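My questions all concern the structure below.
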Amino acid sequence: MITANPLPAQPRRWQTLWRQAVRDPRELLSLLGLESLAGRISAAAAAQFPLRVPHGFIARMRPGDPDDPLLRQVLPVIDEERIAPGYDLDAVGDLAARGASGVLHKYDGRALLIATGSCAVHCRYCFRRHFPYGEETAAANGWRQALDYLAADTSLSEVLLSGGDPLSLATRKLAELTDALAGLPHVRRLRIHTRLPIVLPERVDEELLDWLTRLPQQVVVVVHANHPHEIDGSVRQALLALQGSGATLLNQAVLLRGVNDDAGTLAALCERLFETRTLPYYLHQLDRVAGAAHFEVPEAQAIALHEALMRRLPGYLVPRLVRERAGAPYKVPLTAPGSVAISPASV
Ligand SMILES: *Cc1c(COP(=O)(O)O)cnc(C)c1O
Ligand code: SF4
């Protein structure tokens, strides 16, 4: 029998690790022996979207390597100050897609709940770096408006928990939400979009697994790793544990210049993911968000990389290359028309 605990909840180990995350760019550089890179830091970028990275993720960076692909994803640099035409504050039309407070309803049959604005790591390329989370999280008003919206639209069979990172909420909070969702019989699937199992695998603790195991809906967990170095032993263990709770595991990655823009790295990521029984789902072409232009991989090169993956990997390990277009009814696949090159020898 479970009895209510009258005492204030003790902070969990993951919450302590969360709080200990590095927030000072100079401290990060000094941990990596890269003090000489200080001139690359942008105070303006760090003020707009502060650095945040947990120690466990830093431990997977290579000390002394100024081009480390994990470091590049988190360090606020002067490149972000460049004004690039076409790079906006609301790159994917989120502000127009609000169905209710904290709900984004863009596609048929599924709606996305902005469960929280918090993340354990701040990714420089993130399309939500300018989003007004303060006003827009569904938790802010006790989920009420969001739940009313989801209850009223019985064409919704799937609810996505996103953010921010939904697993940054305490498990008890998540359980309140899913208890309420359990009362909506048309919502058969629950999808959780989270980077926490990758950047802070300690988040996958007994309490979380217990919650997941008890959920009445089918559960899909979509994690977010961009480079094979992000997946170390602790991440592997966390992903396998999530599997053990009955969830289906998928990964989404963003194609990023200087991080994963070569076929060998992408193929290694896909194979590494499969070692944790996680299937590559989407490879996103960068959303054109202000401050992220230096991460863009030209579309023709993206298509060529994707084609290289199709050549060298089994079909089930090739993610779909997509771009989000404001107003489109789904994530739009990128392909070059008539691009399949068949050499005479293989006909
Ligand atoms: C990406 C996204 C989804 C999910 O799209 P899928 O193609 O089903 O993965 C749903 N809602 C919103 C608002 C999204 O941005
Ligand atoms: S964890 Fe996801 S939502 Fe958070 S900053 Fe990174 S990409 Fe954006």
Side-chain angles (χ1 to χ4, degrees), residues 18 21 45 48-54 57 70 72-76 90-100 102-131 133 136-138 146 149-150 153 156-169 187 189-200 203 220-227 230 248 250-256 259 279-287 289 291-292 295 319-333:
W18 173 295
Q48 189 270 316
F49 189 53
L51 170 85
R52 169 176 268 283
V53 56
F57 196 72
L70 277 53
R72 190 169 158 81
Q73 294 179 55
V74 301
L75 188 68
D90 180 25
V92 293
D94 276 353
L95 293 178
R98 283 177 285 178
V103 179
L104 295 180
H105 189 182
K106 288 189 186 177
Y107 306 143
D108 288 352
R110 53 232 197 265
L112 183 153
L113 236 159
I114 298 179
T116 165
S118 307
C119 294
V121 67
H122 287 173
C123 313
R124 307 312 302 172
Y125 52 85
C126 182
F127 68 107
R128 296 228 168 96
R129 62 184 282 173
H130 304 287
F131 200 71
Y133 282 117
E136 285 302 332
T137 77
Y149 182 90
L150 300 174
D153 187 343
L156 293 170
S157 52
E158 178 163 333
V159 169
L160 284 74
L161 304 188
S162 184
D165 197 312
L167 296 192
S168 62
L169 294 173
V187 177
R189 287 185 306 279
L190 187 70
R191 196 194 315 179
I192 303 168
H193 277 204
T194 174
R195 191 147 157 70
L196 262 160
I198 306 293
V199 297
L200 193 69
R203 176 65 186 97
V220 182
V221 177
V222 184
V223 295
H224 171 180
N226 300 310
H227 191 282
E230 291 174 44
T248 297
L250 304 172
N251 182 65
Q252 52 181 346
V254 181
L255 187 55
L256 299 166
V259 174
L279 286 174
Y281 179 39
Y282 280 143
L283 177 60
H284 292 272
Q285 184 68 341
L286 184 79
D287 294 314
V289 61
F295 282 115
R320 263 164 277 183
L321 175 67
V322 292
R323 177 191 282 292
E324 181 150 3
R325 291 193 203 282
Y330 44 77
K331 310 267 191 271
V332 181

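Residues take their numbers from the sequence shown, with the count starting at 1. Atoms within each ligand, like the ligands themselves, are counted from 1 in listed order. All values derive from a computational prediction rather than experimental measurement. Just so you know, these numbers use all the heavy atoms, side chains as well, and skip hydrogens, waters and symmetry mates.
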Atom 14 (C) of ligand 1: which of H193, R191, K331 has the nearest heavy atom?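 Checking each option, the heavy atom nearest atom 14 (C) of ligand 1 is found in K331.
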Quick check: does C123 have an N/O/S atom under 2.8 Å of atom 6 (Fe) of ligand 2?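 Looking at C123, which is the residue asked about, there is an N, O or S atom under 2.8 Å from atom 6 (Fe) of ligand 2.
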Any idea which part of L160 is under 4.0 Å from ligand 1, heavy-atom wise: side chain, backbone, both or neither?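 The answer is the side chain.
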The criterion is side-chain contact (heavy atoms from CB on, under 4.5 Å); which residues satisfy it with P166, sequence neighbours excluded?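 So P166 forms a side-chain contact (heavy atoms from CB on, under 4.5 Å) with A115, L161, I192.
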I'd like to know whether ligand 2 has D165 as a neighbour, heavy-atom separation below 4.0 Å.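 No, that is not the case, since the closest heavy atom of the residue is not under 4.0 Å from the ligand.
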Check each heavy atom of E324 against ligand 1 and say whether those closer than 4.0 Å belong to the side chain, the backbone, both or neither.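 The side chain, only.
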Are the side chain of E324 and the backbone N or O of H284 linked by a donor-acceptor pair below 3.5 Å?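 Checked: no pair found.
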For atom 1 (S) of ligand 2, which candidate among R129, R195, H224 holds the nearest heavy atom?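 The option holding the nearest heavy atom is R195.
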Record the part of Y281 in heavy-atom contact with ligand 1 below 4.0 Å; permitted values are side chain, backbone, both and neither.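 Answer for Y281: side chain.
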Under 4.0 Å, heavy atoms only, figure out whether ligand 1 is touched by the backbone of R320, its side chain, both or neither.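 Looking at R320 and ligand 1, no heavy atom falls under 4.0 Å.
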Hey, is atom 4 (Fe) of ligand 2 within less than 2.8 Å of some N/O/S atom on C119?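 Yes - counting backbone and side chain alike, C119 has an N, O or S atom under 2.8 Å.
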Any residue meeting side-chain contact (heavy atoms from CB on, under 4.5 Å) with R110, in chain and number order, not counting sequence neighbours: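 Once residues adjacent in sequence are excluded, the partners of R110 under the side-chain contact (heavy atoms from CB on, under 4.5 Å) criterion are Y107, E158, L160, R191.
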Decide yes or no for H105 and D153: does some side-chain heavy atom of the first lie under 4.5 Å from some side-chain heavy atom of the second?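 Yes. Closest side-chain heavy atoms under 4.5 Å.
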Give, for atom NE2 of H130 and atom CD of Q48, the distance between the pair rounded to the nearest 0.5 Å.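 The CD atom of Q48 is 4.5 Å from NE2 of H130, to the nearest 0.5 Å.
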Candidates R195, K331, H193 - the one meeting side-chain hydrogen bond (donor to acceptor under 3.5 Å, both in side chains) with Q252: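 Of R195, K331, H193, side-chain hydrogen bond (donor to acceptor under 3.5 Å, both in side chains) with Q252 is met by H193 alone.
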I'd like to know whether ligand 1 has Y107 as a neighbour, heavy-atom separation below 4.0 Å.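 Contact check Y107 vs ligand 1: positive.
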Can you confirm whether R52 sits close enough to W18 that some side-chain heavy atom of one is under 4.5 Å from a side-chain heavy atom of the other?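 Result yes, sub-4.5 Å side-chain heavy-atom pair found.
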Enumerate the atoms of ligand 1 whose separation from the nearest heavy atom of L112 is less than 4.0 angstrom.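 Those atoms are 11 (N), 12 (C), 13 (C), 14 (C).
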Could you tell me the separation between the OH atom of Y149 and the CG atom of L113, rounded to the nearest 0.5 Å?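 Taking OH in Y149 and CG in L113, the distance rounds to 11.0 Å.
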